[in-house]
Q: 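Next up is a structure, given as structure tokens.
Everything numeric in this text was worked out from a predicted model, so none of it was measured. Chain letters run A, B, ... following the sequence lines, proteins first and then strands; every chain starts at 1.
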There are 4 protein chains.
Amino acid sequence: MRYRIVAGSNVPIFRQIADQIGRAVATGDLKIGDSVPSVRQLARDLVINPNTVAKAYSDLVASGVLENQPGRGYFINKRRQVFTKTERLRRLDETIDLLISQSVALDFSASEVLDRVKELFTQKLSVAPE
Amino acid sequence: MRYRIVAGSNVPIFRQIADQIGRAVATGDLKIGDSVPSVRQLARDLVINPNTVAKAYSDLVASGVLENQPGRGYFINKRRQVFTKTERLRRLDETIDLLISQSVALDFSASEVLDRVKELFTQKLSVAPE
Amino acid sequence: MRYRIVAGSNVPIFRQIADQIGRAVATGDLKIGDSVPSVRQLARDLVINPNTVAKAYSDLVASGVLENQPGRGYFINKRRQVFTKTERLRRLDETIDLLISQSVALDFSASEVLDRVKELFTQKLSVAPE
Amino acid sequence: MRYRIVAGSNVPIFRQIADQIGRAVATGDLKIGDSVPSVRQLARDLVINPNTVAKAYSDLVASGVLENQPGRGYFINKRRQVFTKTERLRRLDETIDLLISQSVALDFSASEVLDRVKELFTQKLSVAPE
DNA sequence: GTGGTCTAGACCACA
DNA sequence: GTGGTCTAGACCACC
């Protein structure tokens with residue numbers, strides 16, 4: 001699996017990494033027990049600070065996606081929900097609120113936004129990462 | 001019109017204010033030529049620093065929602081398109097990308113997210129609060 | 001590149017900074033991807049408050065000249081048209097109106113003003129300072 | 001002579017008034033010894049604060065355009081230069097600098113700006129105010 | 001190290 | 001009364 005980061009993005013690098021791993025798990029590209037690159041290896045590959053990779057991994061451990069086997073590395077954990085349904089929805093709603101505000105500010109109609117959301121969702125999620 | 005802010009939120013206060021005004025304009029609660037509260041008045045009401053209100057207002061001036069009449073206050077501007085279509089789409093996409101990342105991270109499916117987006121859009125934009 | 005500010009001027013410091021960067025981009029002294037000094041560094045150099053520099057930079061982000069990579073700094077953005085033609089013209093006209101008022105008040109003739117505008121344009125934009 | 005002010009403009013109201021009188025003198029619509037409306041009368045006509053008119057008039061007295069005959073009103077003074085040539089040019093240059101910065105920021109070429117300046121100058125100055 | 005947000009408070013221009 | 005600019009300094013997130 002290839003990892004990629006977009007430097008100019010507003011999405012923090014650590015989250016880009018976490019998202020890619022999360023997505024790979026969701027699509028089945030990474031299965032339970034699979035290993036992810038070492039912190040230092042991935043930092044070298046992406047030419048970023050190892051702390052940034054470490055932060056991504058530790059967030060994924062906190063959310064139950066990865067587990068750490070000291071001295072061996074990080075591995076995909078068996079999937080479990082760590083957030084309650086309510087909590088997950090609360091966090092999703094927060095981002096959707098942002099989208100709505102932005103849409104209003106940019107004078108897009110609800111249907112324009114919905115179409116674009118659909119479009120980008122298909123584009124980003126149907127194509128499996130390399 | 002009543003303004004409200006949530007203190008502990010991840011959304012900065014100045015954006016909460018700008019969002020509320022943006023939405024009020026979108027729903028017609030605020031009309032062209034209407035005045036918004038003075039910087040100091042709103043700051044007193046919300047018990048926040050006037051600079052924070054000023055930042056919200058000046059962002060709205062930059063995006064063409066408000067206009068400023070020096071010494072008199074801020075007023076709802078006639079609606080006009082300030083940004084190019086490309087720019088508007090670029091900004092919208094940026095926010096949608098954030099939503100997609102978030103959805104993946106929270107393990108929501110595309111259709112779950114779409115439904116929720118639809119729901120919140122109707123809720124926030126058609127029904128006037130209070 | 002050297003940055004300079006004039007303390008006693010009518011032009012606010014944050015605009016002097018933004019103007020200098022805007023001009024450097026126009027003359028090619030700053031190219032796409034170049035970084036500008038960090039907020040704190042420039043504030044130290046010019047012996048002003050970091051917030052003042054931050055305001056200049058964030059204005060330039062709003063107008064598409066700079067982009068911000070969180071935690072890394074500000075960089076010259078690829079040039080793109082952010083505002084609609086109408087909006088650009090509206091803003092230009094606003095400044096020209098100011099010039100006309102000023103000219104009348106100072107009792108300059110239209111041709112005197114035009115000659116001076118031509119002169120300063122060449123002076124400031126073709127010859128790179130220092 | 002009719003006086004007009006544009007409320008939504010960035011040009012302060014007191015300066016709009018001063019400019020109109022200055023312009024009328026320049027075009028010959030107001031001659032030496034002519035009276036201008038009383039402070040209160042003009043304030044009523046324009047529906048603005050009398051202080052604002054008073055400020056415009058006192059600026060014009062300071063710059064030698066008007067003279068005040070206490071108890072009788074304000075009159076057009078015999079024209080004299082109060083600013084030195086250098087001082088007038090310095091003030092003009094300041095505004096032109098602003099125009100140049102704005103042009104750069106809005107990505108207009110020097111020739112586009114010059115054409116527009118010519119156009120607006122003709123438009124605003126050739127048509128005599130009612 | 002970087003920037004982002006917010007507060008408190010000063011001084012000035014404009015109506 | 002209104003907003004605009006600037007300073008000083010705190011706390012936070014991200015690299």
Q: Give the rounded distance in Å between these two atoms: CG of C/N68 and P of F/dA13.
A: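 In whole Å, F/dA13 P lies 17 Å from C/N68 CG.
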Q: Between atom CD1 in A/I13 and atom P in E/dT2, what is the gap in whole Å?
A: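 These atoms are roughly 16 Å apart.
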Q: Are A/R15 and A/D59 ion-paired here, with the side-chain N under 4.0 Å from a carboxylate O?
A: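 No.
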Q: Which comes earlier along DNA chain F counting from the 5' end, the contact point of C/P50 or that of A/I48, where each point is its nearest nucleotide?
A: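 The 5'-side residue here is C/P50.
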Q: Taking CD from A/Q16 and C1' from F/dC14, how many angstroms apart are they, rounded to a whole number?
A: 13 Å
Q: Judged by each residue's nearest nucleotide on DNA chain E, which is more toward the 5′ side, C/V39 or B/N51?
A: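 Final value for this comparison: C/V39.
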Q: Using atom CZ of B/R40 as one end and atom C1' of E/dC11 as the other, report the distance to the nearest whole Å.
A: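 In whole Å, E/dC11 C1' and B/R40 CZ are 11 Å from each other.
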Q: Take atom CG of B/L42 and atom C1' of E/dT7, then tell me their distance rounded to the nearest Å.
A: 16 Å
Q: Heavy-atom nearest nucleotide on DNA chain E for B/T52 versus C/R44: which residue maps closer to 5'?
A: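 Between the two, 5'-proximity favours C/R44.
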Q: Nearest heavy atom decides the nucleotide; on that basis, is C/G71 or B/A54 closer to the 5' end of DNA chain F?
A: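 Result of the comparison: B/A54.
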Q: Whether C/R23 and C/D19 form a salt bridge (side-chain N of Lys/Arg under 4.0 Å from carboxylate O of Asp/Glu) is what I want to check.
A: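 A salt bridge is absent here (no side-chain N lies under 4.0 Å from a carboxylate O).
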Q: Starting from C1' on E/dG3, measure out to CG on C/L66 and report it in whole angstrom.
A: 13 Å
Q: So if I take every side-chain heavy atom of A/P12 and compare against F/dT7, E/dA8, F/dC15, which nucleotide ends up nearest?
A: F/dC15
Q: Could you state the atom-to-atom distance from CG of B/N49 to P of F/dG3 in whole Å?
A: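 About 14 Å, once rounded to whole Å.
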Q: Hey, does the side chain of C/Y74 come within less than 4.0 Å of E/dG4's phosphate (OP1/OP2), counting only N and O?
A: yes
Q: Looking only at heavy atoms, which two atoms of A/I17 and A/L42 are closest? And how far apart?
A: CG2-CD2, 4.1 Å
Q: Who does F/dC14 pair with, Watson-Crick or G-U, both distances under 3.5 Å?
A: E/dG1
Q: Does a side-chain N-to-carboxylate-O contact under 4.0 Å join A/E94 and A/R91?
A: no
Q: Is any N or O donor-acceptor pair between the side chain of C/R72 and the base of E/dG1 shorter than 3.5 Å?
A: no
Q: Nearest to the side chain of B/K55, which nucleotide is it out of F/dG4, E/dG3, E/dT5?
A: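 Nucleotide nearest to B/K55's side chain: E/dT5.
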Q: In whole angstroms, how far is the C1' atom of E/dT5 from the CZ atom of B/F14?
A: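 Answer to the nearest Å: 7 Å.
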Q: Does the side chain of C/S58 reach to within under 4.5 Å of the side chain of C/F14, using non-hydrogen atoms?
A: no
